[in-house]
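Each remark here refers to the structure printed beneath this line.
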Amino acid sequence: MSDLKKKYSVFLPRTAFPMKADLPQREPKRLERWKADRLYERIEAKRRSDNAAGTGRGRRILHDGPPYANGAIHMGHALNKILKDIVVKSLWLDGYESPYVPGWDCHGLPIEHAVEKDLGPKRREMPRSEFLAKCRAYAQKWIDAQRTGFQRLGVLGAWDQPYVTMNPIYEASVVRLFARLFESGAVTRKLKVVHWSYGARTALAEAEVEYADRTSSAVTVAFPVKDEDARKLGLPIPFYLPIWTTTPWTLPSNLAIAMHPDMEYAIVQAGDRYYAVVVPLLDDFQKKLGVALHIKEIRKGIAFQTLKYRHAWIDRESPVLLADYVTADAGTGLVHTSPDHGVDDFNLAHHLGLLELVGPDGRFTAAVNDPELEGKNVFAANPLVVARLQSIGALLHEEQLTHSYPHCWRTKTPILFRATEQWFITMDDELFHTGKSLRELGLEGVEATQWVPPQGRNRIHAMISGRPDWCISRQRAWGTPITVLRCSECGEPLVCPEIFEKAAAAIEQEGIEAWADLPLAQLTPADAKCAKCGSTAFQKETDILDVWIDSGVSGVVASATSPELRKEDYGKYIYLEGSDQHRGWFHSSLLFSLAATGEKPYNTVVTHGFVLDGKGQKMSKSLGNVITPEEIMKTLGADILRLWTASVDISEDVRISKDILERNADAYRKIRNTLRFLLGALADFDSAKDVAPEAQWSPLDRWVWSAFLNLAKEVREAYLAFDFLKATQAILSFCQLELSGRYFEIIKDRLYCDRLDSPRRRSCRTVCLALAKGMTILVAPVLSFTADEIWEHLPGAEGHVFEQRFPAGESRAEPSSWSLLWRIKEALNRSLEPMRAAKEIGTSLDTKVSISLSPELRPLLASLQETLEDLLVVSSVDILIAGGSPLAGDGFELQVDPHVGIKCPRCWNHRGGAGAGEHADLCLRCSEVVQAGVEA
RNA sequence: AGUCCCGUAGCUCAGUUGGUUAGAGCACUACACUGAUAAUGUAGGGGUCCGCAGUUCAACUCUGCGCGGGACUACCA
């Protein structure tokens with residue numbers, strides 16, 4: 001029997017496109033080819049010529065947020081870069097020029113530290129410029145590593161010409177833009193409270209602070225109120241304000257006491273004194289004093305608004321101030337305030353002046369005017385202060401408190417907060433004589449930007465409304481220098497355009513290293529004189545700029561310096577970054593660009609969540625749940641990772657795990673096999689003679705093409721709206737339902753068994769080719785490697801898949817008739833199941849179906865103009881028009897029975913027995929095909 | 001600790017202004033096919049919509065309080 005079966009040949013799918021993807025092996029080879037073909041440049045050139053010819057859609061550009069050039073790429077990088085690549089590729093396929101210029105952020109502390117760590121003690125002897133060169137080399141190493149990693153993900157872009165913040169041209173641009181910040185009136189110099197390491201004698205950035213447990217003396221101290229001041233407010237006498245602090249050494253700098261305006265304070269008698277204490281802490285206060293408290297009355301904090309008090313031992317009168325940040329967690333609800341040594345304190349009370357009693361070495365200066373304290377380290381002074389409080393009767397209580405306290409991570413000394421002079425970008429002063437402040441301009445910019453998802457708008461709006469002036473100076477080395485001079489006598493800065501330009505010119509040649517080496521004499525203007533003290537001696541400023549300025553002006557600098565970008569691109573960029581960049585790059589780009597140019601860089605900002613593990617936990621070494629792009633490249637390949645990227649809801653945090661990736665590999669196989677079937681159907685397809693004009697397409701082919709056009713519209717719109725999840729789910733579902741489940745099942749017969757030149761086979765193959773092309777294009781932004789591979793196997797495909805345009809066209813569906821057919825088919829499938837279970841049938845071709853139809857449905861089915869046996873993949877169909885009462889439910893009923901006819905050995909339907917001679921058991925169609933084959 | 005965001009099948013996601021029996025794809029199970037074959041088709045099972053309380057004729061959907069997760073800002077007198 002088996003050789004009888006073999007006797008009849010059918011036209012099976014045939015393609016060189018392999019079922020097994022082998023992505024980890026094949027992708028790198030494909031990458032090499034892309035590189036050799038200069039694929040990126042080729043696509044861009046194509047879009048440029050389209051635009052020149054008037055057939056393009058103009059320019060739409062995603063501006064890359066620069067990753068920090070430190071360390072190997074992680075999943076967060078991969079997610080971000082792949083998303084950007086999907087955007088760029090969708091724009092290409094929609095007909096835009098969309099140059100993608102990747103960037104790197106290179107200056108700053110983490111690199112400086114890494115290099116210092118490598119150098120060890122050698123760092124101290126090293127000239128600044130040499131140290132900077134080491135930092136430069138370190139950053140370059142990681143740029144190269146990351147570039148390789150990003151390219152491996154399939155990201156196309158101007159990898160040969162990235163923008164790099166440590167490029168001398170970039171550095172010089174930043175210096176020039178900084179000069180413009182001065183011109184715009186955005187820069188001021190003022191005091192700020194910073195983390196100060198007396199061990200390193202420097203201000204520390206957040207990242208340099210580490211927390212460790214420390215035991216401090218926590219004291220409760222009574223500050224007296226003058227009797228006459230107490231009387232003015234009707235307070236009992238003698239009246240004291242008790243405060244609690246863990247840093248007794250800051251008491252000489254006390255300039256105010258903060259109370260909460262709305263909290264209730266009890267006026268209590270303890271022994272022969274009266275105190276104010278916030279109500280929830282009364283018990284605590286009583287325990288500390290060890291005597292009974294008698295509550296006299298209760299007042300809100302605001303009632304103390306005008307109260308003045310005396311310092312515990314210094315001859316000084318200070319005010320009570322109201323502050324919302326006061327809590328009733330610990331202490332007394334009255335907060336010791338020294339603007340020199342606390343951020344809140346400074347913000348609340350710096351108008352009272354700063355005392356500057358503590359020097360950079362952490363010792364009290366002569367200004368303290370106290371022989372016992374002068375010259376003492378502040379932490380060593382703590383016991384002295386406590387003893388003094390004890391002796392004058394101001395100490396109500398002392399205890400040892402172990403708490404988490406900031407330490408300098410290099411010298412391990414405890415940190416103090418210290419007010420120092422720094423450079424700031426001012427948020428509320430008028431800029432450019434526009435009558436508007438940077439804050440106002442920023443908020444306008446937020447309104448004029450499209451935020452995706454829309455919640456981003458609120459988030460950044462709140463930050464810009466509330467943010468303080470931006471401190472932009474750092475006492476570090478690896479960064480853009482603040483190219484001003486300082487008076488050698490009094491430290492007053494000398495800022496002038498001439499110096500900026502000279503510095504910029506030198507830096508443009510040799511990088512920021514040039515600033516340290518630039519001779520002072522060359523820089524100093526001829527008649528320079530200190531505005532404050534009249535001195536003519538100057539030295540170069542050694543502070544550098546906050547790295548956020550570097551990256552914040554990347555849009556401005558890249559537009560001006562990248563060969564692929566133009567000045568007019570600025571202002572219309574798409575930004576796409578993790579949601580943390582609301583506070584980071586979106587924020588700095590908006591403010592610094594506005595301050596330097598008066599214009600914001602972007603008009604669309606897209607954000608995505610963070611990558612978590614399969615359980616929604618943050619990835620960390622200690623949890624052992626870290627997945628790296630590198631290992632995915634080795635095991636599954638970039639297209640699987642890309643599919644994952646396009647299958648999760650990026651507006652929230654996203655999850656990844658081996659299991660989740662495996663699901664995506666399954667989905668990938670489904671798509672790959674669907675495309676492979678189409679390619680197989682196109683074996684030996686000759687575009688010259690096998691194409692059927694659309695007017696001759698069969699109804700079924702027109703149906704599937706309409707369905708495809710609907711899909712293409714949905715997918716294109718989803719891509720352009722950054723909704724990649726929707727795009728891939730639609731594609732996947734189309735592969736599964738419309739193509740594999742419906743269309744392919746039906747066309748197998750005509751593809752395999754019709755004669756080669758049958759009109760419906762030709763129509764079908766024409767549509768298969770269109771579907772294959774179209775699907776490949778739709779999938780290309782995500783499955784770039786695979787799309788490229790398919791394109792090579794497509795008959796008559798020209799150019800590169802990324803040079804194509806999204807398929808478009810009006811869908812001409814006849815939805816009601818086809819949806820009726822699919823409902824009938826579903827019902828049929830359900831009734832087939834029990835028959836299979838009973839071993840009455842195997843395939844649906846073993847059956848005959850009677851359909852009882854409501855009369856009004858008859859024309860619908862007739863309008864399909866296809867043979868129902870073919871559409872339902874059964875051997876025969878009878879239509880019975882139901883008379884009398886209309887049929888319930890869907891308007892049809894099915895009667896399914898095993899077909900008893902002769903099975904055609906070639907096409908397996910049961911309409912056999914129509915052939916002649918030795919082919920007697922064939923069906924009519926097959927016998928004709930076989931006959932023709934014999935004759936030919 | 002504060003602010004903001006999130007919590008629907010094993011997984012990834014839909015779920016219109018509150019309104020019948022909460023959907024899709026994958027995975028799983030079974031069956032069929034062996035002419036998409038390390039494929040393919042069909043059917044089926046599976047959900048206290050994080051928990052509790054409230055508003056309502058009616059809550060996955062609105063409110064409050066928890067729990068869990070994440071981002072940001074702090075660590076504080």
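Order of the sequence lines fixes the chain letters, A, B, ..., with proteins taken first and strands second; residue numbering starts at 1 for each chain.
- If you take atom C1' in B:U3 and the same atom in B:A59, they sit 28 Å apart, rounded to whole Å.
- Counting only heavy atoms from C-beta on, A:Arg663 has its side chain closest to B:C11 among B:G41, B:A71, B:C11.
- Applying the Watson-Crick and G-U wobble criteria (two distances, each under 3.5 Å), B:C28 pairs with B:G44.
- Between the side chain of A:Thr15 and the base of B:A36, no donor-acceptor pair of N or O atoms lies under 3.5 Å.
- Taking atom P in both B:A43 and B:C26, one finds a spacing of 12 Å when rounded to whole Å.
- B:G45 and B:U29 have their C1' atoms separated by 7 Å, given to the nearest Å.
- The residue A:Arg906 sits close to a base: some heavy atom pair falls under 4.0 Å.
- Within 4.0 Å of A:Gln729, counting heavy atoms only, lies at least one base atom of the nucleic acid.
- Distance from the side chain of A:Leu725 is smallest to B:U12 among B:U12, B:A39, B:C75.
- Nearest nucleotide to the A:Gln617 side chain, out of B:U42, B:A43, B:G70: B:G70.
- On the C1' atoms, B:A1 is 44 Å away from B:C57, given to the nearest whole Å.
- The side chain of A:Pro13 lies closest to B:A36 when the candidates are B:A36, B:U73, B:G70.
- Summary of the strand contacts: A:Lys670 and A:Ser647 both lie near RNA chain B, and taking for each the nucleotide with the nearest heavy atom, the more 5' one is attributed to A:Ser647.
- Within the 4.0 angstrom heavy-atom criterion, base atoms lie near A:Asn673.
- Spacing between atom CG of A:Asn382 and atom C1' of B:A77 amounts to 14 Å, rounded to whole angstrom units.
- Look at B:U73: its Watson-Crick or wobble partner, with both distances under 3.5 angstrom, is B:A1.
- Other residues, nucleotides and ligands contribute only 12 or fewer heavy atoms inside 6.0 Å of the NZ atom of A:Lys726.
- Under the rule for a side-chain hydrogen bond (donor to acceptor under 3.5 Å, both in side chains), the partners of A:Asp846 that lie at least two apart in sequence or sit in another chain are A:His910.
- The residue A:Gln455 sits apart from the nucleic acid: no heavy atom pair falls under 4.0 Å.
- If you check every strand for non-hydrogen atoms under 4.0 Å, A:Leu612 touches sugar and phosphate atoms only.
- Taking atom C1' on both B:G68 and B:C50, the two are 8 Å apart, rounded to the nearest angstrom.
- A straight line from CD1 of A:Ile671 to C1' of B:A36 spans 16 Å, rounded to a whole angstrom.
- The phosphate of B:A30 (OP1 or OP2) has no side-chain N or O of A:Arg836 nearer than 4.0 angstrom.
- Each of A:Gly842 and A:Val654 has a nearest nucleotide on RNA chain B; the 5'-most of these lies closest to A:Val654.
- Contact annotation for A:Lys726: no contact, since no heavy-atom pair falls under 4.0 Å across all strands.
- Heavy atoms of A:Lys615 sit nowhere under 4.0 angstrom from any nucleic acid atom.
- Here A:Ser740 lies in heavy-atom contact (under 4.0 Å) with a base.
- Residue contacts shown for A:Phe744 include a base, since a base heavy atom lies under 4.0 Å away.
- Minimum atom distance to the side chain of A:Leu732 is reached by B:G25, of the listed B:G35, B:G25, B:A36.
- B:U37 is unpaired under the Watson-Crick or G-U wobble criterion, no partner having all donor-acceptor distances under 3.5 Å.
- The phosphate of B:C33 (OP1 or OP2) has no side-chain N or O of A:Thr843 nearer than 4.0 angstrom.
- The same atom, C1', is picked in B:C13 and in B:G47; the two are 15 Å apart, to the nearest Å.
- Of the candidates B:A43, B:G41, B:C6, the closest approach to any side-chain atom of A:Glu652 belongs to B:C6.
- A salt bridge links A:Arg672 to A:Glu789: one of the charged nitrogens lies within less than 4.0 Å of a carboxylate oxygen.
- A:Glu833 comes within contact range of at least one nucleobase, with a heavy-atom separation under 4.0 Å.
- Using C1' as the reference atom, B:G66 and B:C6 are 16 Å apart when rounded to the nearest Å.
- In this structure, of B:U12, B:A77, B:A43, it is B:U12 that holds the atom nearest to the side chain of A:Val648.
- Rounded to a whole Å, the CD1 atom of A:Ile660 is 12 Å from the C1' atom of B:C13.
- For A:Arg655 and B:G69, the CZ to P distance is 11 Å, given to the nearest whole Å.
- Note: CD (A:Glu745) to C1' (B:U42) measures 9 Å, nearest angstrom.
- Rounded to whole Å, the P atom of B:G44 lies 24 Å from the corresponding atom of B:A39.
- Distance from the side chain of A:Asp649 is smallest to B:C13 among B:A36, B:C13, B:G35.
- Taking the six-membered ring for Trp and the full ring otherwise, A:Trp470 and A:His587 have centroids separated by under 6.0 Å.
- Closest approach to the A:Tyr752 side chain among B:U34, B:A36, B:A43 is made by B:A36 (side chain taken as heavy atoms from C-beta onward).
- Under 4.0 angstrom from either OP1 or OP2 of B:C72 there lies no side-chain N or O belonging to A:Gln581.
- The existence of a salt bridge linking A:Asp22 and A:Lys20 is confirmed by a sub-4.0 Å separation between a basic side-chain nitrogen and an acidic carboxylate oxygen.
- Under 4.0 Å is where a charged nitrogen must lie from a carboxylate oxygen, and between A:Arg836 and A:Glu833 at least one such pair does.
- Pairing of B:G64, defined by two Watson-Crick or G-U wobble distances under 3.5 Å, is identified with B:C52.
- Between A:Asp684 and A:Arg14 there is a salt bridge, since a side-chain N of the basic residue sits under 4.0 Å from a carboxylate O of the acidic one.
- If you take CD1 of A:Ile464 and P of B:C4, they are 18 Å apart, rounded to a whole angstrom.
- A:Leu641 contributes atom CG, which lies 4.5 Å from atom CD1 of A:Ile632 (distance to the nearest 0.5 angstrom).
- Between A:Lys670 and A:Asp666, no side-chain nitrogen of the basic residue sits less than 4.0 Å from a carboxylate oxygen of the acidic one, so the salt-bridge criterion is not met.
- Remark: B:G23 base-pairs with B:C13. Criterion, Watson-Crick or G-U wobble with two distances under 3.5 Å.
- By the 5.5 Å and 30° criteria, A:Trp908 is stacked with the base of B:G35.
- Out of B:C11, B:A39, B:G35, the shortest distance to the side chain of A:Arg669 is found at B:A39.
- Following rounding to the nearest Å, A:Asp666 (CG) and B:A38 (P) show an atom-to-atom distance of 16 Å.
- To the nearest angstrom, P of B:C11 lies 18 Å from NZ of A:Lys658.
- The salt bridge (Lys or Arg N to Asp or Glu O under 4.0 Å) contacts involving residues 745-754 of chain A comprise A:Glu745-A:Lys748, A:Asp749-A:Arg760, A:Asp749-A:Arg925, A:Arg750-A:Glu866, A:Asp754-A:Arg760, A:Asp754-A:Arg925, where partners must be two or more places apart or lie in separate chains.
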